[in-house]
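Inspection log for the structure reproduced underneath, given as structure tokens.
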Amino acid sequence: MFVAELDRPWLDTPFLIQGFLVDRDDEIEALRKYSRHVYIDLNLSHPELADVIRKSAAGDLEQAGDTPRAPAQESQPLQFARKAEPAPARTDADIRAPGPDLVPKSKPALAAAAVDVKPMRAIDRQERRYKDRALREMLRVDYSPVESSSLLELIRAWLQSLITPRPSKQAQAKARRANREEIKKILPQDVALKRYAEPRPIAQVLPRAEKSFNRARKTLETLSLDLRNDRIPQLDQIKDAVTDMVNTMVQNPDALMWVAKLREEDGQVYEHGVKVAIYLMALGRHLGFPKEDLAHLGTIGLLADVGKTKVARAILEKPGMLDADEFSEVKLHVEIGLQLLQSSMTLPKAVVDGIAQHHERLDGTGYPNGLSGDQIGIYGRMAAIADSFAALVSTRPYANASSAQDALMNLYEWCGTSFHEPLVEQFVQAIGIFPVGSMVELSSGEVAIVLSHNRTRRLEPKVLVISWPDHRPLSTPIERDLKDKPTTPDGKPLRIVRGLASGAYGLQVRNYYGNELANANGLV
């Protein structure tokens with residue numbers, strides 16, 4: 001079976017590679033231990049086994065009164081994904097090894113190629129439409145910090161609207177108040193939320209943002225090398241770099257996120273921590289955290305994974321399942337990092353908590369201490385979201401990058417078990433489904449780069465079109481503002497249909513970084 005999706009973040013399991021062919025007993029046992037259910041891509045699974053699953057799934061659907069979907073064509077996305085039923089307990093998950101007659105004695109060529117193939121997020125299409133609609137609806141809600149409607153409430157409201165009118169304004173206001181109260185419950189008493197001024201134009205802030213990013217990356221690189229070589233790191237350099245990022249973030253969060261987006265295509269080892277810091281501070285700014293607390297969040301992002309400097313590179317980049325000893329060594333990076341840092345500097349409690357808890361999960365399946373529920377503070381919960389998102393949208397040695405839209409759908413699916421739902425909702429609000437600098441596909445078939453957001457209509461940004469409808473690159477990109485209601489050649493509204501991962505169709509954002517139109521928008 002080709003496992004395309006888990007029910008939890010990949011980095012919480014020994015399966016660091018996203019998408020792999022299961023054909024060994026130890027892989028089945030690991031899946032049983034860490035997951036209640038998995039998603040199978042039938043197009044990449046063993047053909048005979050895929051046929052058995054399709055027939056079984058068709059029978060289940062017929063009994064339920066549904067019409068089974070037709071088998072997928074090779075050139076089309078997967079039409080149906082078989083989702084195993086959850087078992088009463090995690091250790092007894094209903095994941096069984098296929099019979100020996102269905103599994104080849106050795107891995108076929110497909111398995112070797114799977115490392116280089118970006119597997120489809122094999123989630124039922126109808127379920128995916130619900131998620132996408134919910135995310136889009138959430139960005140249409142008139143919100144202020146810590147006041148967005150509950151994501152589940154939005155899904156229920158949309159489904160209910162198919163047969164009845166939408167909930168009243170009073171009901172929506174009640175949902176927003178409930179959401180606000182949920183977040184306030186986990187806020188430290190000494191954090192007084194504030195409202196920041198409207199962001200300055202990105203053209204004014206972007207040069208400073210690039211300098212801030214480069215300074216933070218260099219500081220983190222120096223810190224990591226010092227720790228690896230048992231030298232005492234310079235705390236003042238970390239404080240100065242974080243303060244610089246905080247001031248830039250307050251002026252315009254999109255500027256730093258644009259630079260982070262460009263660097264997703266570089267895959268530099270020291271830039272993951274900088275990106276986590278940026279996403280954490282963007283979430284904190286959206287919630288209204290004061291500058292001092294934004295600095296705590298930035299410090300957490302920079303330092304959360306410094307313990308990996310003591311983990312063998314071969315383990316961190318292994319293209320396959322880690323064995324028990326290797327996975328235990330990876331999980332030790334949290335405690336090792338804190339020991340290294342606290343032996344040479346004094347960290348605020350908020351920073352210590354955020355670093356210590358950034359791999360803890362609400363259902364108790366995280367590490368190093370298996371904390372659950374209220375045992376995990378707000379800094380740990382926020383760090384878990386930002387760290388997972390940054391990992392999903394970045395290219396790594398063992399996995400291709402996801403689009404921001406796909407990554408947010410993953411976070412949404414993992415709400416309740418791994419992540420705090422109200423904070424995930426606020427994270428979506430803070431960065432948008434299509435962040436500045438991300439590539440998107442338009443309803444015309446053209447590929448575009450998001451240049452800037454329209455704050456009142458977040459799904460209608462200004463974009464830079466970089467390809468023809470057949471995805472061939474344009475020699476001269478074209479700027480379009482979707483809030484002006486442009487149309488396709490056949491007269492239909494031009495809109496974003498989906499987000500794209502870096503490098504989709506062979507197109508790279510950085511190739512248009514110095515373009516004249518990007519330059520005119522301050523993206524230089």
Side-chain angles (χ1 to χ4, degrees), residues 138-151 153-154 172-202 205 209 212 242-257 260 276-302 348-351 353-354 357-358 376-387 389 408 411 415 419-433 435-436 453-456 458:
M138 187 163 62
L139 290 184
R140 289 194 179 98
V141 174
D142 181 21
Y143 71 91
S144 55
V146 202
E147 290 187 5
S148 71
S149 298
S150 164
L151 187 54
E153 190 66 31
L154 282 166
Q172 293 183 28
K174 182 178 180 181
R176 287 196 293 270
R177 287 194 298 271
N179 182 273
R180 182 174 64 247
E181 293 305 316
E182 280 298 310
I183 292 181
K184 283 186 175 180
K185 288 178 183 177
I186 56 175
L187 275 176
Q189 293 183 352
D190 58 344
V191 175
L193 301 182
K194 60 176 294 184
R195 183 181 294 276
Y196 287 97
E198 286 294 309
R200 292 173 55 186
I202 192 171
V205 183
S212 296
V242 170
T243 299
D244 192 18
M245 281 202 299
V246 168
N247 291 332
T248 306
M249 177 64 63
V250 168
Q251 291 180 0
N252 189 315
D254 282 348
L256 273 171
M257 286 194 284
V276 176
I278 289 171
Y279 293 129
L280 265 174
M281 290 188 295
L283 175 56
R285 184 193 189 282
H286 174 76
L287 292 172
F289 277 38
K291 280 189 174 183
E292 180 182 359
D293 297 282
L294 293 183
H296 292 337
L297 292 171
T299 306
I300 292 168
L302 285 182
K349 183 179 183 302
V351 174
D353 288 346
Q357 298 173 7
H358 77 284
I376 307 173
I378 190 169
Y379 292 102
R381 298 185 190 203
M382 293 171 69
I385 293 169
D387 180 62
F389 180 79
L408 292 171
L411 296 181
C415 280
F419 305 124
H420 187 230
E421 183 185 323
L423 285 175
V424 170
E425 295 174 23
Q426 296 298 321
F427 187 72
V428 175
Q429 297 279 15
I431 71 168
I433 302 176
V436 167
H453 282 134
N454 178 350
R455 288 186 60 81
T456 58
R458 298 286 296 278

Kindly compute the distance separating [atom1] ([X]) from [atom2] ([Y]), expressed to the nearest 0.5 Å.
X      : Y      : atom1 : atom2 : value
Ile376 : His420 : CD1   : NE2   : 10.5 Å
Phe427 : Ile431 : CZ    : CD1   : 4.0 Å
Asp254 : Ile202 : CG    : CD1   : 5.5 Å
Leu297 : Ile278 : CG    : CD1   : 13.0 Å

Take Val246 and Lys291, measure what side-chain contact (heavy atoms from CB on, under 4.5 Å) needs, and give me the verdict at the end. CA-CA 7 Å; Val246 168; Lys291 280 189 174 183; 4.0 Å; yes
[X] side-chain N/O to [Y] backbone N/O, donor-acceptor pair under 3.5 Å:
X      : Y      : answer
Tyr196 : His286 : no
Arg200 : Asn252 : no
Arg381 : Leu423 : no
Gln357 : Gly377 : yes

Over all heavy atoms of both residues, which pair between [X] and [Y] is shortest? Give the atoms and the distance, please.
X      : Y      : value
Ile183 : Pro422 : CG1-CB, 3.7 Å
Ile378 : Phe289 : CD1-CZ, 4.1 Å
Val205 : Ala255 : CG1-CB, 3.8 Å
Ala430 : Leu283 : CB-CA, 4.0 Å
Ala277 : Gly298 : CB-O, 3.4 Å
Ser212 : Asp244 : OG-OD2, 3.2 Å

Exactly one of His358, Met382, Arg285, Met249 should register a side chain to side chain contact (heavy atoms under 4.5 Å, CB included) with Leu280. Which one does? Met382
Given side chains that start at C-beta, do those of Leu193 and Leu187 come closer than 4.5 Å, heavy atoms only? yes
Counting C-beta onward and ignoring hydrogens, is there a side-chain heavy-atom pair between Asp293 and Tyr379 closer than 4.5 Å? yes
